[in-house]
Number of protein chains: 2
Amino acid sequence: MKKRRPTKVIDQLDREIVLTSAARLFKIQGYERTTVKEIADACNMLPGSLHYRYKTKEAILIDLMRLGLEQVSVELIKACVGESNPAEQLRKGINAHLKVLVTGSDMVYVLLFEWRALQGDARKEMIQLRDRYEALWVGLLKPLAQKGIIHKDVDLDLLRLIGLGALNWVATWFTEEGRYTLEDIGNFVWRIIKQAVVVPGETDI
Amino acid sequence: MKKRRPTKVIDQLDREIVLTSAARLFKIQGYERTTVKEIADACNMLPGSLHYRYKTKEAILIDLMRLGLEQVSVELIKACVGESNPAEQLRKGINAHLKVLVTGSDMVYVLLFEWRALQGDARKEMIQLRDRYEALWVGLLKPLAQKGIIHKDVDLDLLRLIGLGALNWVATWFTEEGRYTLEDIGNFVWRIIKQAVVVPGETDI
DNA sequence: GTCTATACTCTGATAGAC
DNA sequence: GTCTATCAGAGTATAGAC
């Protein structure tokens, strides 16, 4: 009996290669301007082989976004787990989101900036996925409010929406060669939030 | 001698009709998914007539962005002129930016979200235009720092970049039917900024 | 599973009569 | 300035041999 790698493992590898290549192209050129031939070229496949994995170009985008959401969720959780101070959790979460969005996987960028390319049901599904990610942030912010670290009268939903917006937009102007490092930016956002909504002296609980 | 409207006036009217129609389509469908035929239909023209005004689809986008930038600049200036309190100028500026972006001209939305559709020189020109708009914000923030209303150690460039990012991202999730009005959102952002960077008691100068 | 070849559609742009 | 007709090119998806 011949020994061989389980089919599943090979498929998973292919999936990552295809989606990583596609994400880079989608980020640079945009989804619409990128052709399936370019994607195939980028992962050393012929268009026919790519079509064997994904029947349509849209299917690639959808699967890519699912993986991107998984990646950013994992990074956010990793950054907070093992940190007992909830204020520090928030600070680390901000830095993690920035890092994975800007210097990490292109899939997260595409997830956030190309959802308009999807229509109908697919768009709805992606919005639901995005909501699920944002629910992780609710889970970070709620304990801070309950413990009195964040002022009682701060609207947590608005804080999340505005805060994530501020972070997401960074991806539109950040460059490695710019004046600011990602840490500079993360620290700045953290300081703003801390000074605006955190009760003084409560960050060390 | 026949009396007739000066040619310039007619051209200017046509320009606004074309660009307004195009902006609405670009905002809903995105630039790439919108066809020149759709634009022509939307302004009751035939493709040939549209082509007489704009030789290429890209030329429409570029002119649209120029006009969008002009509009948002005018609204920002209008909101601040006649307000002597610099802190109040900032508050009104925030609301003006939000309003024109979200409920005002679709051109401003397109200006901010479709710059990736441009390539090469055209993209560089638009980035320069965006920088010119941001310079207006520098003009709002600098006096606040010089008068000691904003803490000396706040990086004004980061404050501008992060603040505008927070505002711009609102356009991706705001709906008229949602829980928050534009005023709610503007007030929230203003409060965050005020509590984070404004020296207490200095807002009434 | 992979590769070649191609069908079919759409679109931006143009030519030229009026 | 406007309209009809059309070209040339690009791009997605598919069929079918291997």
Side-chain angles (χ1 to χ4, degrees), chain A residues 2-19 21-26 28-65 110 114 116-120 122, chain B residues 2-19 21-26 28-65 110 114 116-120 122:
Chain A
K2 249 192 193 160
K3 211 172 156 185
R4 59 169 191 178
R5 291 160 85 189
T7 317
K8 263 254 170 172
V9 171
I10 297 175
D11 286 345
Q12 192 60 27
L13 256 177
D14 278 351
R15 181 186 180 222
E16 292 230 354
I17 291 170
V18 170
L19 297 183
S21 307
R24 179 163 44 244
L25 290 167
F26 290 168
I28 297 171
Q29 306 179 333
Y31 170 76
E32 299 290 349
R33 295 184 75 92
T34 302
T35 68
V36 289
K37 187 176 176 318
E38 284 175 314
I39 300 171
D41 287 348
C43 39
N44 293 318
M45 273 178 200
L46 290 167
S49 303
L50 180 56
H51 183 259
Y52 175 77
R53 323 289 161 97
Y54 292 103
K55 292 304 167 209
T56 68
K57 186 179 164 186
E58 191 185 43
I60 298 175
L61 179 63
I62 293 173
D63 197 35
L64 182 164
M65 286 182 166
V110 173
E114 291 287 357
R116 287 172 57 216
L118 292 177
Q119 311 276 318
Chain B
K2 251 191 194 160
K3 211 174 155 185
R4 59 169 191 178
R5 291 160 84 189
T7 317
K8 263 255 169 169
V9 172
I10 298 175
D11 286 345
Q12 191 60 28
L13 256 176
D14 279 350
R15 182 187 181 220
E16 292 229 355
I17 291 170
V18 170
L19 297 184
S21 307
R24 180 162 46 243
L25 290 167
F26 291 168
I28 297 171
Q29 306 179 334
Y31 171 77
E32 299 290 349
R33 296 184 75 91
T34 302
T35 68
V36 289
K37 188 177 176 318
E38 284 175 313
I39 300 171
D41 287 347
C43 40
N44 294 317
M45 273 179 200
L46 290 166
S49 302
L50 180 56
H51 183 258
Y52 175 76
R53 323 291 163 97
Y54 292 103
K55 293 303 167 209
T56 67
K57 187 180 167 187
E58 190 186 44
I60 299 175
L61 179 62
I62 292 172
D63 198 34
L64 182 164
M65 286 183 166
V110 173
E114 292 287 356
R116 287 172 56 215
L118 292 176
Q119 310 276 319

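Remember, it's a predicted structure, so these values are computed and weren't measured experimentally. Naming: A, B, ... by sequence-line order, numbering from 1 per chain.
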Straight-line distance of [X] [atom1] to [Y] [atom2], nearest 0.5 Å:
X	Y	atom1	atom2	value
A:I62	A:T56	CD1	OG1	6.5 Å
B:H51	B:I60	NE2	CD1	9.5 Å
A:Y54	A:S49	OH	OG	14.0 Å

Could you state the [atom1]-[atom2] distance from [X] to [N], rounded to the nearest angstrom?
X	N	atom1	atom2	answer
B:K55	C:dA15	NZ	P	10 Å
B:I60	C:dT11	CD1	P	15 Å
A:Y54	D:dG11	OH	P	22 Å
B:E32	C:dC10	CD	P	18 Å
A:L50	D:dG11	CG	P	15 Å
A:K37	D:dG9	NZ	P	17 Å
A:D41	C:dC3	CG	P	12 Å

Exercise. Just call it for B:R33: base, sugar-phosphate, or nothing, with non-hydrogen atoms closer than 4.0 Å on any strand.
Key: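 Nothing: the residue B:R33, judged by heavy atoms under 4.0 Å, touches no strand.
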Quiz item: For A:R15, which of A:D11, A:L19, A:I17, A:V18 qualifies under side chain to side chain contact (heavy atoms under 4.5 Å, CB included)?
Solution: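 In the set A:D11, A:L19, A:I17, A:V18, the residue that makes a side chain to side chain contact (heavy atoms under 4.5 Å, CB included) with A:R15 is A:L19.
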[X] side-chain proximity, nearest of [options]:
X	options	value
A:R53	C:dT2, C:dT4, D:dT4	C:dT2
A:T35	C:dG12, C:dT2, D:dT12	D:dT12
A:L46	D:dT12, C:dT4, C:dG12	C:dT4

Self-check item: Residue mapping more 5' on DNA chain D - nearest nucleotide basis, B:Y52 or A:T56
Solution: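 The answer here is B:Y52.
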Quiz item: Is the shortest side-chain N/O distance from A:S49 to OP1 or OP2 of C:dG1 below 4.0 Å?
Solution: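 No, A:S49 has no side-chain N/O under 4.0 Å of OP1/OP2 on C:dG1.
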Quiz item: OP1 or OP2 of C:dG12 less than 4.0 angstrom from a side-chain nitrogen or oxygen of B:H51, does that happen here?
Solution: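 Answer no for this pair, as no side-chain N or O of B:H51 is under 4.0 Å from OP1 or OP2.
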Practice problem: With side-chain contact (heavy atoms from CB on, under 4.5 Å) as the test, would you mind laying out the steps for A:K57 and A:Y31 before giving the verdict? | Solution: CA-CA 9 Å; A:K57 186 179 164 186; A:Y31 170 76; 3.6 Å; yes
